[in-house]
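I have placed the structure first, in the form of structure tokens, so that the comments after it can refer back to it.
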Amino acid sequence: MKIAVTYENGKIFQHFGRTPVFAFYDVEDGKVVKKEEVETGEYSHGALVDFLQQHGAEKLICGGYGLGAKEKLDAAGIESFGGVSGDADKAVDDYLAGKLVYDPLAAEHHGPCHH
């Protein structure tokens, strides 16, 4: 299994469509066996789902994302967990332990970003 996390400086980046990096975690037998950080480059918003597919992501842990992104992720078969913050490695460990705290309605609550 491969888990993607929106990533910046070890933390979960809070805007899916603007994430500068994804951390990809390869998981075997319930344990992370490899972690790779990949810059998104020119990819943004809608194209990020294609980026995730090209890298074999099956799961996504992220901060905020819009309903359109959620729908594209669902259509691509990528299970997503939004509304997560904090340390990226810990979030993956929590997911693998079945105790990840996330907001199943994160996409519905995602409004305009005010940075």
Side-chain angles (χ1 to χ4, degrees):
M1 167 176 49
K2 187 173 275 195
I3 301 171
V5 180
T6 54
Y7 194 81
E8 185 177 54
N9 299 322
K11 305 286 184 201
I12 297 168
F13 189 75
Q14 290 301 299
H15 189 292
F16 170 75
R18 295 188 181 149
T19 189
V21 175
F22 280 103
F24 291 100
Y25 298 79
D26 290 330
V27 177
E28 294 176 11
D29 298 322
K31 296 186 190 305
V32 174
V33 295
K34 180 182 173 189
K35 175 184 173 186
E36 178 182 18
E37 297 171 24
V38 181
E39 291 184 16
T40 57
E42 60 195 53
Y43 286 86
S44 66
H45 284 90
L48 287 175
V49 175
D50 294 336
F51 182 85
L52 292 174
Q53 284 184 298
Q54 289 169 11
H55 287 85
E58 300 167 61
K59 313 282 183 194
L60 168 69
I61 298 173
C62 64
Y65 59 164
L67 194 53
K70 171 82 168 105
E71 290 171 351
K72 288 179 181 175
L73 289 161
D74 290 347
I78 299 171
E79 185 177 14
S80 59
F81 303 90
V84 183
S85 61
D87 183 80
D89 292 349
K90 182 178 183 323
V92 171
D93 290 342
D94 287 349
Y95 171 78
L96 295 173
K99 55 184 183 176
L100 178 66
V101 177
Y102 68 99
D103 180 0
L105 301 176
E108 295 175 27
H109 298 289
H110 180 75
C113 292
H114 302 285
H115 297 286

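Remember, it's a predicted structure, so these values are computed and weren't measured experimentally.
- In the hydrophobic clustering of this structure, Ile12 groups with Ile3; members are Ile, Leu, Val, Met, Phe, Trp, Tyr whose side-chain heavy atoms approach within less than 4.5 Å, directly or through other members.
- Taking Tyr95 as the reference, Phe81 meet the ring-ring contact (aromatic ring centres under 6.0 Å, His included) condition, with sequence neighbours excluded.
- In this structure a side-chain-to-backbone donor-acceptor pair under 3.5 Å is missing from Asn9 to Lys11.
- Side chain of Gln14 to backbone of Val84: a donor-acceptor contact under 3.5 angstrom is found.
- By the salt bridge (Lys or Arg N to Asp or Glu O under 4.0 Å) test, Asp93 is found to be paired with no residue, residues two or more places apart in sequence or in another chain being considered.
- Side-chain N or O atoms of His55 include none that pairs as donor or acceptor with a backbone N or O of Ala57 at under 3.5 Å.
- Judged as a salt bridge (Lys or Arg N to Asp or Glu O under 4.0 Å), and not counting sequence neighbours, Glu71 has no contacts.
- Within the 4.5 Å cutoff, side-chain heavy atoms of Leu48 are placed close to those of Thr19.
- For the pair Val32/Leu96, a side-chain contact is recorded, criterion being any heavy-atom separation below 4.5 Å from C-beta on.
- Atoms CG and SG, from Leu73 and Cys62 in turn, are 7.5 Å apart once rounded to the nearest 0.5 Å.
- Contact check for Lys59 versus Met1: side-chain heavy atoms found under the 4.5 Å cut-off.
- Residue Ala69 comes nearest to Val49 through the heavy atom pair O-CG2, 4.4 Å, listed as atom of the first residue, atom of the second, then distance.
- For residues 23-33, the pairs satisfying salt bridge (Lys or Arg N to Asp or Glu O under 4.0 Å) are Lys2-Asp26, with sequence neighbours left out.
- Residues Phe22 and Thr40 have side chains in contact (heavy-atom distance under 4.5 Å, counting atoms from C-beta outward).
- A continuous path of hydrophobic side-chain contacts links Val27 to Val5 [ILVMFWY only; heavy atoms under 4.5 Å].
- Using a distance-only test at 3.5 Å, with no hydrogens or angles considered, no donor-acceptor pair links the side chain of Thr6 to the main chain of Phe16.
- In the hydrophobic clustering of ILVMFWY residues, with side-chain heavy atoms under 4.5 Å counting as a link, Tyr7 and Tyr102 come out together.
- Between Pro20 and Glu8 there is a side-chain heavy-atom pair separated by less than 4.5 Å.
- A donor-acceptor pair is defined here as one N or O able to donate and one able to accept, closer than 3.5 Å; no such pair exists between the side chain of Glu36 and the backbone of Lys34.
- Here the side chains of Phe24 and Val38 are in contact, with some heavy-atom distance below 4.5 Å.
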One pair to check against side-chain contact (heavy atoms from CB on, under 4.5 Å): Ile61 and Leu100. What are the steps and the verdict? CA-CA 10 Å; Ile61 298 173; Leu100 178 66; 4.1 Å; yes
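- Other residues sharing the hydrophobic cluster of Phe13, ordered by chain and number and joined by side-chain separations under 4.5 Å: none, the residue standing alone.
- Pairing each heavy atom of Asp87 with each of Gly10, the nearest pair is OD1-O, 3.5 Å.
- Counting heavy atoms from C-beta on, the side chains of Lys35 and Asp89 come closer than 4.5 Å.
- Under the 3.5 Å distance criterion, with hydrogens and angles disregarded, a donor-acceptor pair is assigned to the side chains of Tyr65 and Ser80.
- Residues Glu58 and Ile78 fail the side-chain proximity criterion, which asks for heavy atoms closer than 4.5 Å.
- Other residues, nucleotides and ligands contribute more than 12 heavy atoms inside 6.0 Å of the CD atom of Glu37.
- Residues passing the side chain to side chain contact (heavy atoms under 4.5 Å, CB included) test with Lys99, sequence neighbours excluded: Asp94, Ala97.
- One distance of note links CG of Leu52 with NZ of Lys72; it measures 12.5 Å at 0.5 Å rounding.
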